[in-house]
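Notes follow once the structure below has been shown.
By convention in this document, chain letters (A, B, ...) are assigned in the order of the sequence lines, proteins followed by strands, and residues within each chain are numbered from 1. Basis for what follows: all heavy atoms, side chains included, without hydrogens, waters or symmetry-related copies.
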Amino acid sequence: MSEVRVRFAPSPTGGLHIGGLRTVLYNYLFAKQHQGTFVLRIEDTDQTRYVEGAEEYIHKCLEWCGLQADESALQGGPFGPYRQSERKEMYRQYAEQLVATGHAYYAFDTPEELMKMREDFKTSDNPSPQYGLATRNRMKNSLSLSPEETKHLLASGVAHVIRIKMGNEEKISFNDMIRGEVHFDTRLVDDKVLLKADGMPTYHLAVVVDDYLMKITHAFRGEEWLPSAPVHLLLWKYLGWSDNMPRYAHLPLILGSDGSKLSKRHGSKYGFPIFAMNWTNPKTGEKEAGFAERGFLPAALLNVLALLGWNDGTEQELFSLDELIQKFDLSRVSHSGAVFDFEKAKWFNHQYLQMGSAAALVPQVKPFFEANGIIPDDAYLSTVIGLIRERCHLLPDFVDQGHFFFVAPMEIDRESLLKKWKPEHARFFEQLATHWSTAENNGTATELEQNFEMMATEQGLKKGELMLPLRIMLVGGKFGPGVFDIVQTIGTVEAANRILATLKGL
RNA sequence: GCGGCGUUGGUAAACCGGUUAAUACGCCACCCUUUCACGGUGGAAUAACGGGUUCGAUUCCCGUACGCCGUACCA
């Protein structure tokens with residue numbers, strides 16, 4: 001029995017979206033469940049698409065949500081390097097080996113010639129002709145050229161690629177861990193480029209070689225890879241590594257509200273973030289919003305993602321990471337794509353905001369106050385959090401719901417106040433303010449409330465008709481926790497000041 | 001076009017041949033609360049279509065339709 005080894009293999013071309021994050025999660029859960037190893041491999045074989053900072057960004061995201069890799073370019077490991085660009089020299093020999101065994105060939109076609117071929121062979125019946133069984137003999141490659149010509153071209157250093165020669169085995173199949181048996185007709189698959197003219201491997205070669213060299217036992221990837229699975233299957237076979245081939249699991253896609261695959265580009269079109277963390281494209285300067293900055297707790301986001309495509313068959317919806325590790329089961333992963341529901345995600349975050357102590361939330365909440373120019377005291381913030389957490393869904397909600405605990409409201413809802421206002425209220429509130437302006441009169445919420453009610457009765461007023469005006473004077477509007485909890489928290493002196501200030505402006 | 005994969009309320013989904021087809025989010029109403037929330041109760045809302053197989057299909061099989069993904073010297 002061999003050790004379980006899985007890998008997440010992103011290309012550093014942009015932000016990490018929630019589809020990728022979920023792939024990370026499933027990898028992680030599976031690895032931990034089997035006491036295995038989670039490898040992070042950077043697939044940066046396309047030098048033209050390299051984006052500055054993207055790799056660091058990916059690490060930052062994994063760190064934020066606590067899904068650290070066991071082996072990666074950052075921390076190293078026994079199977080490094082973990083960046084494909086640094087493994088460049090390893091790939092050529094395998095490509096050459098495939099040529100030598102007749103499973104691949106050199107192709108000298110220029111990009112222009114390829115374009116011309118696609119143009120020439122294009123028909124309404126076949127809008128995208130392939131470089132493959134039907135066309136390879138009419139192209140410029142070591143199959144159509146004489147050995148001498150090929151040798152000559154190679155010797156003269158003409159740019160060339162190596163392509164896989166798809167076989168005639170017709171049917172090929174494999175057992176996907178999620179979908180079961182999947183069949184392909186190899187004659188319908190094109191001769192994919194394995195080694196590019198710049199000497200870099202394409203994804204197809206690199207993924208197979210590296211999965212082999214890194215002893216990957218289970219390969220999880222998005223469903224968009226299913227159509228190229230036959231190429232990979234054949235590569236494993238042609239390279240003579242069939243016995244070591246990992247088990248594949250093609251994950252269902254996460255869809256946008258329009259039902260199509262989440263695009264790295266149009267993040268903003270959904271009206272909610274699709275990236276784990278804020279991402280700015282260094283080339284274009286375009287900014288994309290992230291879940292972290294939007295105010296999600298990592299545990300909540302992970303929970304959402306875990307359930308998008310998987311459930312344990314019970315009605316349980318809230319799972320800790322440890323529980324997920326224990327209960328995650330690939331055979332219960334659904335086969336169809338799932339639309340991401342931001343409202344439901346907010347609900348999950350709300351649930352997580354209610355868990356644990358208020359004090360534990362302080363480090364999460366504090367930065368959002370600071371961003372609004374409020375530097376809160378930890379202990380005070382903690383009691384505020386306890387008072388308002390149940391009406392918060394996202395972290396910034398704490399500022400909306402709690403700013404008045406720190407600063408007097410800039411504006412008050414006069415309309416609502418006046419609606420409940422009677423001339424005799426003024427005298428009452430003046431008296432109340434005088435009473436409260438002494439710190440000694442502070443007390444618990446219940447004490448304050450009893451006292452308040454007494455004063456009201458003395459003046460022939462009902463407590464009820466005074467509550468809303470008082471609230472509005474203290475917080476500025478019709479929202480917030482119990483009025484006397486607020487008074488107790490901000491103190492009677494501050495409350496008195498706010499009453500007086502409002503009275504003055506009435 | 002071809003290939004692959006899908007199709008249970010608006011969304012996520014349970015059920016793996018026999019159910020009044022769960023549940024959660026969202027939505028609506030009511031209760032609680034002289035605020036806003038939380039909570040509680042109730043409600044509207046679903047098996048794409050057509051054939052089989054079967055005593056019996058949402059469940060199994062085959063078509064059709066629709067959707068998505070792929071069809072690059074991108075991953």
Between [N] and [M], how many Å separate the two [atom1] atoms, rounded to a whole number?
N	M	atom1	answer
A22(B)	C62(B)	C1'	30 Å
C36(B)	C30(B)	P	13 Å
A44(B)	G70(B)	P	41 Å

[X] side chain near [N] phosphate (N/O to OP1/OP2, under 4.0 Å):
X	N	value
R332(A)	C15(B)	yes
S257(A)	U11(B)	no
S334(A)	A12(B)	no
N311(A)	A14(B)	yes
K261(A)	G70(B)	yes
H335(A)	C5(B)	no
R41(A)	A75(B)	no

With heavy atoms under 4.0 Å as the rule, sort [X] into base, sugar-phosphate or nothing.
X	answer
R118(A)	sugar-phosphate
D109(A)	base
F184(A)	sugar-phosphate
T45(A)	sugar-phosphate
V161(A)	base
V182(A)	sugar-phosphate
A197(A)	base
L307(A)	sugar-phosphate
H250(A)	nothing

Dot-bracket for RNA chain B: what is it, with Watson-Crick or G-U pairs under 3.5 Å, [ ] where a pair crosses earlier ones, and | for a pair to another strand?
-> (((((((..(((.....[....))).(((((.......)))))....(((((..]....))))))))))))....
Would you tabulate the nitrogen or oxygen pairs shorter than 3.5 Å linking the protein to nucleotides 33-35 of chain B?
residue	atom	partner	partner atom	Å
U34(B)	O4	G464(A)	N	2.7
U34(B)	O4	E465(A)	N	3.3
U35(B)	O2'	K478(A)	O	2.6
U35(B)	N1	R471(A)	NE	3.3
U35(B)	O2	R471(A)	NE	3.4
U35(B)	O2	R471(A)	NH1	3.1
U35(B)	O2	F479(A)	N	3.3
U35(B)	O2	F479(A)	O	3.2
U35(B)	O2	G480(A)	N	3.3
U35(B)	O2	G480(A)	O	3.2
U35(B)	N3	R471(A)	NH1	3.4
U35(B)	N3	R471(A)	NH2	2.9
U35(B)	N3	G480(A)	O	2.6
U35(B)	O4	R471(A)	NH2	3.4

Check if the side chain of K344(A) and the base of A12(B) share a donor-acceptor pair of N or O atoms closer than 3.5 Å.
->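 Side chain to base: no pair present.
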Within a reach of under 6.0 Å around CD of E181(A), are more than 12 heavy atoms found that belong to other residues, nucleotides or ligands?
->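 Count over threshold, so yes.
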How close do A73(A) and E55(A) get, heavy atom to heavy atom, and via which atoms?
->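 Smallest interatomic distance, heavy atoms only, reads CB-OE2, 3.9 Å.
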Check every atom of [options] against the side chain of [X] and return the nucleotide holding the closest atom.
X	options	result
P127(A)	C69(B), C74(B), G1(B)	G1(B)
K196(A)	G26(B), U71(B), C74(B)	C74(B)
L188(A)	G3(B), G6(B), A13(B)	G3(B)

Atom CG of D400(A) to atom P of C36(B): distance rounded to whole Å?
->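 Taking CG of D400(A) and P of C36(B), I get 17 Å after rounding.
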Starting at atom CD of Q401(A), determine the distance to atom C1' of A37(B), rounded to an integer number of angstrom.
->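 Rounded to the whole Å, the gap is 7 Å.
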Check [Y] with [X], please: is the shortest side-chain N to carboxylate O separation under 4.0 Å?
X	Y	answer
K327(A)	D329(A)	no
E343(A)	K346(A)	yes
D185(A)	R187(A)	yes

Modelled atom types, side-chain donor and acceptor of D258(A) and S260(A), under 3.5 Å =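 Looking only at side-chain atoms, S260(A) and D258(A) do form a donor-acceptor pair, the distance falling under 3.5 Å.
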Ignoring hydrogens and angles, state whether a donor on the side chain of Q351(A) or E317(A) is under 3.5 Å from an acceptor on the partner side chain.
->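 Result is no, nothing qualifies.
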Given 3.5 Å as the limit, does a donor-acceptor pair link the side chain of [X] with the main chain of [Y], or not?
X	Y	result
S85(A)	D44(A)	no
N303(A)	F319(A)	yes
H204(A)	T202(A)	no

Pairs satisfying side chain to side chain donor-acceptor pair (under 3.5 Å), at least one member in residues 385-409 of chain A, at least two apart |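 As it turns out, there is no side chain to side chain donor-acceptor pair (under 3.5 Å) pair with a partner in residues 385-409 of chain A once direct neighbours are skipped.
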Below 3.5 Å, can you tabulate the donor-acceptor pairs from side chains in residues 473-489 of chain A to any protein atom, sequence neighbours excluded?
residue	atom	partner	partner atom	Å
Q488(A)	OE1	A445(A)	N	3.0
T489(A)	OG1	D485(A)	O	2.6

Nucleotide by nucleotide, nucleotides 59-66 of chain B touches protein heavy atoms under 4.0 Å in the pattern (B base, S sugar-phosphate only, - none) --------
CG/N126(A) to CZ/F121(A) distance, rounded to the nearest 0.5 angstrom?
->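 It is 10.5 Å, given to the nearest 0.5 Å.
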State which residues pass side-chain contact (heavy atoms from CB on, under 4.5 Å) with V99(A); sequence neighbours excluded, sorted by chain then number.
->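 With neighbours one apart ignored, the set is A104(A), Y106(A), I162(A).
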